[in-house]
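Okay, so here's the structure we're looking at.
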Amino acid sequence: MTAPAVPPRRQFLSQGAALTAALAIAPGLLLYDFARARPPGEPASSAVRWGMLIDTTQCDSGCSACVTACRKENALPEPVRLTDPQWIRKVELEQEGSGRKVSLPMMCQHCADPPCVDVCPTGASFKRADGIVLVDKHRCIGCRYCMMACPYKARSFVHEPVTDHSGATPRGQGTVESCTLCVHRVDRGEIPACVEACAREGHQAILFGNLNDPDSAISRRLRSVASTRLRADLNLDPGVAYEGI
Amino acid sequence: MKPLCLLGRILLVIGCCLVLPAGAHDAMPPLDIGQGGKCVDDPGFMRLNHMKLLLQQRDETVRLGVRGGRYSLAGCVDCHASKVNHSVLGTDRNFCQGCHTYAAVKIDCFECHSSHPRPAMESRR
Amino acid sequence: MTAVTATRSGERAYYGWFLFCALLALVGLWAAHQMESQGHVITGMNNQIVWGLPHVFAIFMIVSASGVLNVASVGSVFGRAVYKARAPLAGLLSLALLAGGLTVLMLDLGRPDRVIVAATVYNATSVFAWNVLLYTGLFVSVGFYLWTLMDRTMAAWTQPAGLLVFVWRFVLTTGTGLIFAFLVARQAYASAVLPPMFIAMSLAWGLAIFLLAQSALLRWKAMALHPGIHRRLKNLLGIFVFTVLYLVLAYHLTNAYFARQMPFERFVLRDGGVITALFWGGYGVLGTVLPLLLIFLPGLGTPRSVGAAALLVILGAFSLLYVFIVGGQSYPLQIFPGYVAHSTFGDGAVGEYVPSLPEWALGVGGVAVACLMTLVGVRVFNFLPRDVPEQAVESN
């Protein structure tokens with residue numbers, strides 16, 4: 001089978017131009033790098049490392065558009081009980097002493113050295129070449145050791161049977177799941193649902209892009225502003241960074 | 001009755017293996033192949049090898065991120081979901097369930113994957 | 001050597017226990033089936049407390065399975081006759097406990113139907129995967145060891161086999177401790193003191209189980225334990241209980257010295273509700289102080305009081321493991337130091353967990369499986385410890 005004859009570079013340019021026009025939100029600052037779709041038959045490449053930069057100063061404590069968008073995209077039930085899955089959640093913080101308030105979205109941090117992958121007995125937890133940490137649910141036996149090992153409480157266990165699941169990522173009872181960074185969208189050249197929803201709300205608090213490309217918007221911004229990785233003391237090199245905490 | 005000797009028993013088992021499936025073959029239910037049309041490969045080949053092809057592509061897609069492969073489970077469902085209940089499961093006439101019941105092979109794909117066609121395909125019907 | 005026959009009441013008790021355990025095992029299987037068909041939603045476990053009561057039972061049995069072998073090791077590795085007479089029973093108990101513990105662990109999996117995956121696909125960096133090999137190895141080496149004990153033509157192999165078992169069980173319990181010690185994310189775990197602590201716990205709990213099994217067996221056959229041997233074993237239990245106490249103290253003291261760990265220690269030792277009560281009352285008083293008094297107080301230390309002490313040590317073991325496993329997860333992850341966190345997913349909040357009936361049934365069912373295997377084993381192989389009086393005197 002042959003790929004379409006359009007060279008990736010040209011595809012990049014035409015898509016890029018359209019997106020630049022649509023999404024330039026401030027001079028010199030792109031909301032996200034447009035991601036170009038990988039041609040069919042080509043595996044994810046380690047030349048790319050997907051990541052996010054979350055500007056907590058732009059995140060509104062009353063807004064949960066990212067959470068709702070994720071739930072819709074992945075057809076997750078509305079969380080009521082502690083057994084219900086939450087791939088992304090809003091965390092409200094108050095600094096001890098000063099009382100400064102911060103609101104931010106929390107999800108799988110897509111570590112470069114993910115503890116969940118280290119501990120998984122069957123290799124069901126794995127990191128894709130482009131840095132996205134996933135669960136291969138065909139191989140997951142549901143031991144929950146990864147949930148014990150994750151410092152971010154990013155994972156959920158499917159506590160109930162799933163019937164007629166319509167979400168983009170298949171999910172089933174007795175396996176562990178978490179944020180996929182919307183891998184199905186990223187592979188199509190789109191951005192994750194939460195990033196899109198945040199931009200639609202006008203907050204533009206989440207910047208998504210390729211950390212391995214020094215010219216990407218996310219890399220440029222990481223160079224120019226102070227940012228933090230959560231539990232930086234563990235040295236896991238998370239793919240998600242935060243501003244303003 | 002005198003008990004059968006070892007050879008007799010072995011012959012009996014082999015005999016059963018040869019005769020019984022042949023008899024059962026006639027009981028194969030007619031399958032609702034849904035929209036059908038040209039399959040991604042020769043139907044006889046698919047009947048014998050679909051499980052291997054699906055597993056192979058599954059691992060390549062999930063673990064390596066290879067998209068757009070030819071043997072996709074969602075693709076099977078898109079073409080072969082019944083036009084009656086819009087599913088490959090439900091009755092022993094439905095495409096996946098019917099054959100798997102006949103062959104007595106447990107099918108667990110749809111504990112996680114959808115047994116209904118993708119919305120885009122559904123609207124094209 | 002004269003054949004030992006069971007008394008009539010002993011036989012009745014044997015079959016009574018057999019039926020009782022079989023029933024409990026069936027109830028445990030039913031619970032596992034419910035958990036598989038309805039999902040873990042029927043347990044008390046959730047996305048914060050991901051390991052609950054089944055893991056307390058399973059880890060108790062797996063840790064004890066290695067500790068109970070101590071009796072065999074002292075016999076075969078250090079050549080003590082009194083212990084050697086007990087080696088077959090110790091080996092049998094070890095296999096039974098390991099099987100019971102693994103049964104619970106496997107039936108609690110989200111996908112127990114895929115357990116074959118765990119046996120065929122290994123992730124070399126996973127402590128869990130190492131443990132799968134360690135468990136298999138213990139079955140093989142203890143099985144071989146028992147063979148050398150039962151078959152006279154294999155007697156020459158007893159010592160090397162005993163040595164193999166001795167080394168293997170230390171590695172195995174180290175592996176069990178490492179399951180937690182490698183969890184860098186959580187305040188309760190990630191400590192190098194855990195593997196030695198698990199080894200100490202295995203020695204105390206294993207011996208407590210051995211003493212209870214031995215006294216039940218002797219009662220079944222209406223025999224009495226030589227007072228010298230009794231004294232030796234009870235003192236050993238006392239020393240092991242002290243050792244566990246020492247390591248538990250070391251674990252909590254080192255934690256309390258680090259400012260960042262202090263909130264966690266305050267939670268376990270003071271503010272944790274059930275967790276705190278189980279730590280002080282269950283482990284501290286019932287599981288440590290009382291057994292030590294029952295063993296060492298002048299006038300006590302009788303077979304009856306030592307039996308009670310062994311039971312209390314086991315009770316303390318469950319309390320300590322509950323505090324360690326459930327308490328360790330209840331305390332919220334510290335993702336944002338310096339901030340008070342709040343979310344719908346339990347950030348910054350102490351986790352809620354109440355074990356449900358199916359979890360109790362599964363755990364108890366696993367213990368019942370271990371008991372059944374022991375009951376069948378002692379009947380088929382006649383593993384009763386037989387002491388030659390002179391040996392008992394020599395050991396005094």
Side-chain angles (χ1 to χ4, degrees), chain A residues 64 67 79 81-86 89-98 100 102 104 106 115 117-126 137-153 155-162 172-176 230-231 233-234 236 245, chain C residues 36-43 45-51 105-106 108-115 117-118 120-132 179-180 182-186 189 328-329 332-348 351-353:
Chain A
S64 56
V67 178
R81 292 162 302 175
L82 289 166
T83 47
D84 293 328
Q86 294 202 32
R89 61 188 191 269
K90 282 297 295 286
V91 181
E92 307 299 327
L93 300 175
E94 189 178 326
Q95 194 167 35
E96 288 167 21
S98 73
R100 183 172 97 91
V102 180
L104 52 82
M106 224 4 236
V117 174
D118 286 343
V119 302
C120 178
T122 64
S125 269
F126 71 102
K137 285 149 197 166
H138 307 106
R139 216 186 263 192
C140 175
I141 56 172
C143 71
R144 285 103 82 205
Y145 196 22
C146 56
M147 299 175 76
M148 291 290 280
C150 176
Y152 306 108
K153 210 183 179 190
R155 289 197 160 179
S156 300
F157 180 64
V158 184
H159 286 80
E160 286 165 280
V162 177
Q173 184 199 329
T175 57
V176 173
L230 300 179
R231 290 301 310 262
D233 57 321
L234 299 178
L236 303 173
I245 50 167
Chain C
E36 200 185 350
S37 53
Q38 294 180 46
H40 275 62
V41 72
I42 63 166
T43 69
M45 291 179 271
N46 51 54
N47 285 325
Q48 175 149 344
I49 313 291
V50 300
W51 288 355
L105 210 56
M106 282 177 192
D108 172 76
L109 291 176
R111 307 288 314 204
D113 52 322
R114 286 193 195 151
V115 77
V117 176
T120 48
V121 194
Y122 286 105
N123 173 17
T125 63
S126 169
V127 200
F128 249 23
W130 305 351
N131 273 282
V132 173
I179 289 177
F180 294 95
F182 283 178
L183 291 177
V184 69
R186 291 179 189 264
Y189 313 129
Q329 295 169 82
L333 285 169
Q334 300 299 293
I335 308 172
F336 310 96
Y339 288 91
V340 178
H342 172 78
S343 81
T344 55
F345 205 49
D347 286 278
E352 295 166 32
Y353 174 68

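In what follows, chains are A, B, ... by sequence order, proteins preceding strands, each numbered from 1. Please read these numbers as outputs of a predicted model, since none were measured by experiment.
- Distance CG/A:Asp84 to CZ/C:Phe345: 9.5 Å, rounded to 0.5 Å.
- Both the backbone and the side chain of A:Leu82 come within contact range of chain C, judged by heavy atoms closer than 4.5 Å.
- Between A:Tyr145 and C:Trp51, the ring-plane angle classifies as parallel under the 30° and 60° cut-offs.
- Interface remark: of the candidates C:Ile179, C:Thr43, C:Val127, C:Ile179 forms the most heavy-atom pairs closer than 4.5 Å to chain A.
- To the nearest 0.5 Å, atom CZ of residue C:Arg111 and atom OG1 of residue A:Thr122 are 12.5 Å apart.
- C:Asn47 places no side-chain N or O within 3.5 Å of a backbone atom of A:Arg155 that could act as its donor or acceptor partner.
- The nearest pair of heavy atoms linking C:Val41 to A:Thr83 is CG2-OG1, 4.0 Å.
- Residues A:Met148 and C:Tyr189 have side chains in contact (heavy-atom distance under 4.5 Å, counting atoms from C-beta outward).
- Panel note: side chain A:Glu96, backbone C:Pro337; no donor-acceptor pair is recorded below 3.5 Å.
- Considering only heavy-atom pairs separated by less than 4.5 Å from chain C, the leading option among A:Pro115, A:Cys150, A:Cys143 is A:Cys143.
- You'll find the side chain of A:Arg231 stays beyond 4.5 Å of the side chain of C:Leu333, heavy atoms only.
- Most heavy-atom pairs under 4.5 Å with chain C: of the set A:Val176, A:Ile245, A:Leu230, A:Ile141, this distinction falls to A:Ile141.
- Both the backbone and the side chain of C:Met45 come within less than 4.5 Å of a heavy atom in chain A.
- Taking C:Asn131, C:Leu105, C:Asp108, C:Val184 one by one and counting their heavy-atom pairs under 4.5 Å with chain A, the maximum is reached by C:Asp108.
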Self-check item: Residues C:Phe336, A:Leu104; criterion side chain to side chain contact (heavy atoms under 4.5 Å, CB included); working and verdict
Solution: CA-CA 11 Å; C:Phe336 310 96; A:Leu104 52 82; 3.9 Å; yes
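- The main-chain N or O of A:Val91 is never found under 3.5 Å from a side-chain atom of C:Ser343 such that the two would form a donor-acceptor pair.
- In this structure, chain C has no heavy atom under 4.5 Å from any part of A:Asp233.
- Contact between C:Gly110 and A:Phe157 at its shortest, heavy atoms only, is CA-CZ, 3.6 Å.
- Contact detail for A:Pro151 and C:Ile335: the closest heavy-atom pair is O-CG1, 3.5 Å.
- Residue C:Arg186 comes nearest to A:Met147 through the heavy atom pair NH2-O, 3.1 Å, listed as atom of the first residue, atom of the second, then distance.
- Of all the heavy atoms in C:Gln48 and A:Lys153, the pair that sits closest is OE1-NZ, 2.7 Å.
- Within 6.0 Å of CD on A:Gln95 lie more than 12 heavy atoms contributed by other residues, nucleotides or ligands.
- Proximity of a side-chain donor or acceptor of C:Asn123 to a complementary backbone N or O of A:Val119 within less than 3.5 Å is not detected.
- Remark: side-chain polar atoms of A:Arg144 are paired, donor with acceptor, to backbone N or O of C:Val50 under 3.5 angstrom.
- Nearest approach of A:Pro161 to C:Gln38, heavy atoms of both residues: CD-O, 3.4 Å.
- Residue contact with chain A, scored on non-hydrogen atoms closer than 4.5 Å, involves the side chain of C:Leu183 exclusively.
- Note that CD of A:Gln173 is 7.5 Å distant from CD of C:Glu36, once rounded to the nearest 0.5 Å.
- Interface remark: C:Thr120 contributes no atoms to any contact with chain A (heavy atom separation under 4.5 Å).
- Looking at A:Arg89, the atoms closer than 4.5 Å to chain C (heavy atoms on both sides) all sit in the side chain, from C-beta outward.
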